[in-house]
Undergrad: 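First the structure, which I've put down as structure tokens, then a few questions once you've had a look.
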Amino acid sequence: NPMSGKYFVRIKNDLNAFDGVTALHAGFNMIEFLEYQDPNKLSQYPFTTTNPRQDPDRQLALFHKQLERVNEAKNNEAGQ
């Protein structure tokens, strides 16, 4: 079986509860636990502080700008 010994974890995260970095690290810890079956072998969380809360309207505006840049790059690449 080509998939034996391989682990996959889907991380679903509520950003109102946890930031994405914390959720991703928790997912990596899950894979480590599945692999080693030993909680003492889990990697330690490398971040001791969290990012300060940002204004949601500003975050949305920045996200929208990023989507515009990606769309513009796609159009330029396609020769449009």
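A quick note: this is a predicted structure, and the numbers were derived from the prediction, not measured.
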Undergrad: Side chains of Glu68 and Asn71 only: does a donor on one sit below 3.5 Å from an acceptor on the other?
TA: no

Undergrad: For Arg69, is the CZ atom crowded, meaning more than 12 foreign heavy atoms sit under 6.0 Å from it?
TA: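 Above 12, so yes.
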
Undergrad: Same cluster for Ile31 and Tyr36 if Ile/Leu/Val/Met/Phe/Trp/Tyr side chains link at under 4.5 Å?
TA: no

Undergrad: From Asp19 CG over to His25 NE2, what is the distance, rounded to the nearest 0.5 angstrom?
TA: 11.5 Å

Undergrad: Compare every heavy atom of Leu42 with every heavy atom of Asn29, then report the nearest pair and how far apart it is.
TA: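 Heavy atoms of Asn29 and Leu42 come nearest at O-CD2, 3.3 Å.
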
Undergrad: Should we count CZ of Phe33 as having more than 12 external heavy atoms under 6.0 Å?
TA: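 Yes, CZ of Phe33 has more than 12 neighbouring heavy atoms, counting only those of other groups under 6.0 Å.
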
Undergrad: In terms of hydrophobic clustering (I, L, V, M, F, W, Y; side-chain heavy atoms under 4.5 Å; direct or indirect links), are Leu24 and Leu34 co-clustered?
TA: yes

Undergrad: Using the side-chain contact (heavy atoms from CB on, under 4.5 Å) criterion, which residues pair with Asn40? Sequence neighbours excluded.
TA: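 Once residues adjacent in sequence are excluded, the partners of Asn40 under the side-chain contact (heavy atoms from CB on, under 4.5 Å) criterion are Asp38.
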
Undergrad: Looking at Ala23 and Asn13, what are the two nearest heavy atoms and their distance?
TA: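 Looking at all heavy atoms of both residues, the closest pair is CB-CG, 3.5 Å.
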
